[in-house]
Protein chains: 2
Amino acid sequence: MEGSSRESGNALLFLTDEQLRKGIEAMFFAYRGFTADPDRILADLAYGRAHHRAVHFIHRSPGTTVNNLLAILGVTKQSLNRVLRALVEDGLVRNEVGKRDKRERHLYLTEAGEGLERRLSDAQRDRMRTAYRAAGPEAVTGFRQVLEAMMDDEMRKRYDALKELKG
Amino acid sequence: MEGSSRESGNALLFLTDEQLRKGIEAMFFAYRGFTADPDRILADLAYGRAHHRAVHFIHRSPGTTVNNLLAILGVTKQSLNRVLRALVEDGLVRNEVGKRDKRERHLYLTEAGEGLERRLSDAQRDRMRTAYRAAGPEAVTGFRQVLEAMMDDEMRKRYDALKELKG
DNA sequence: TTGGAATGTCAACAAAGCTGACGTATTATT
DNA sequence: AATAATACGTCAGCTTTGTTGACATTCCAA
């Protein structure tokens, strides 16, 4: 049989509105679960998701600049600045003037910052791990493939750039 | 080989922190893409994501009550009320006093409301369809499995309840 | 040396969440 | 019949996190 029983990735699938709607709802409800555990931790600390995201990506790319973080998070510098200021004041993030370009500020987590990052990502990874194990390795591959296909090109570049850090 | 090369769903997987972090980042960036298209449409209309969610779930469960919508969206009645009031004033949502229980208000989209819902979900489904086709049918199954495993139990119940509406 | 880039900061505002309090029907319970 | 509970709406005030716009500073590079 030509085309065969194992459809290739770019086969023209028949996708009903219902199937697609279910996917949309799955994203909605799953994202709630995805953020639920960190949110609980953050609530006690008077921090929000914005702080979590900043801490996450600074941990991921130590020494990243404000501008780079801005682009990854997709917010204005004013919005990010408020969050960063709080984190610096609370001693979770360290600010270092660039050596090559002294206009730039390189961002690092302090030990306390790394501690918070651990707490938050432990919680989030626990849920992710449980979900991955429940679904199985093939499902995980598919999960990642669909998510990557769902990103804007610009964001996929940034996502890939992060991936290459520790491969 | 016992266990075989095709690992079962509940096999104990070796999942590195890096793999899990990539999953977390994939969720973050993909969710941005997921909401990007409707967000652009909504911006022109002075509506936000909250309005989109209300419209989506009223479309999905016509005649649903305020209380039910509250539970699905996971917000307070004050927050939802603000959104609903705007939608009713703008003639997108219709409010009907319950026949069996007159305390309840059943919610329906008007024709204009259905029109907006179409516009929004067309945009969102286009992206979902493109992603599904790019990733292939097996990936789609895995995608859904992981997302469902990631939900809180409470939310999975609501998600399943929606699924059963039109199968 | 001058232009532009990167950063920080001030002010004002908006969306969308929250809590708490209160009112009004309506229904359920005792 | 009286009381309690439920469903909904609304007012007031607060928080987080985003937005613009304006402006100063620092510093690289042409």
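The chains referred to below are lettered A, B, ... by the order of the sequence lines, with proteins before strands, and numbering in each begins at 1. In this text the structure is predicted, and so the values were computed from the model without any measurement.
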Check whether the side chains of B:His56 and A:Glu25 place a donor and an acceptor atom closer than 3.5 Å, and report yes or no.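 Result is yes, a qualifying pair exists.
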
Integer-rounded Å distance: [N] [atom2] and [X] [atom1]:
X: A:His106; N: D:dC27; atom1: NE2; atom2: C1'; answer: 13 Å
X: B:Leu45; N: C:dA15; atom1: CG; atom2: P; answer: 13 Å
X: B:Leu80; N: D:dG9; atom1: CG; atom2: P; answer: 8 Å
X: B:Leu87; N: C:dA16; atom1: CG; atom2: C1'; answer: 14 Å
X: B:Tyr47; N: C:dA16; atom1: OH; atom2: P; answer: 11 Å
X: A:Asn81; N: D:dT19; atom1: CG; atom2: C1'; answer: 14 Å
X: A:Asp39; N: C:dC18; atom1: CG; atom2: P; answer: 11 Å
X: B:Leu73; N: C:dA16; atom1: CG; atom2: C1'; answer: 12 Å

Tell me whether [X] is salt-bridged to [Y], with the criterion being a basic N under 4.0 Å from an acidic carboxylate O.
X: B:Arg125; Y: A:Glu18; result: no
X: B:Glu148; Y: B:Arg144; result: yes
X: A:Arg156; Y: A:Asp153; result: yes
X: B:Asp152; Y: A:Arg127; result: yes

Given the structure, check if the side chain of A:Arg85 and the base of C:dG8 hold any donor-acceptor pair shorter than 3.5 Å.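 No.
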
In terms of side-chain heavy atoms of A:Glu104, which of D:dC8, C:dT7, C:dT9 is nearest?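 Of D:dC8, C:dT7, C:dT9, C:dT7 is nearest to the side chain of A:Glu104.
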
Report yes if a side-chain nitrogen or oxygen of B:Asn95 is closer than 4.0 Å to either non-bridging phosphate oxygen (OP1 or OP2) of D:dG9; otherwise report no.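 Yes, because at least one side-chain N or O of B:Asn95 sits under 4.0 Å from OP1 or OP2 of D:dG9.
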
When you measure from the side-chain N and O atoms of B:Asn67 to the phosphate of D:dC8, is any distance below 4.0 Å, counting only OP1 and OP2?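 Yes, B:Asn67 has a side-chain N/O under 4.0 Å of OP1/OP2 on D:dC8.
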
Any base atoms under 4.0 Å from [X], or only sugar-phosphate, or nothing? Heavy atoms, all strands.
X: A:Arg49; answer: sugar-phosphate
X: A:His51; answer: sugar-phosphate
X: A:Asn68; answer: nothing

Starting at the 5' end of DNA chain D, which residue's closest nucleotide do you reach first, B:Thr65 or A:Ala50?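 Nearer the 5' end of the strand: B:Thr65.
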
Mind running ring pair (Phe, Tyr, Trp, His ring centres under 6.0 Å) on A:Phe28 and B:Phe57 for me, showing each step along the way? CA-CA 11 Å; A:Phe28 173 71; B:Phe57 286 110; 5.5 Å; yes

Would you give a per-nucleotide map of nucleotides 19-30 of chain C, 5' to 3', where B means the base has a protein non-hydrogen atom under 4.0 Å away, S means only the sugar-phosphate does, and - means neither? BBB---BBS---

Just do the side-chain hydrogen bond (donor to acceptor under 3.5 Å, both in side chains) check on B:Asn95 and B:Tyr108 with the steps written out, would you? CA-CA 7 Å; B:Asn95 226 336; B:Tyr108 301 88; over 6 Å; no

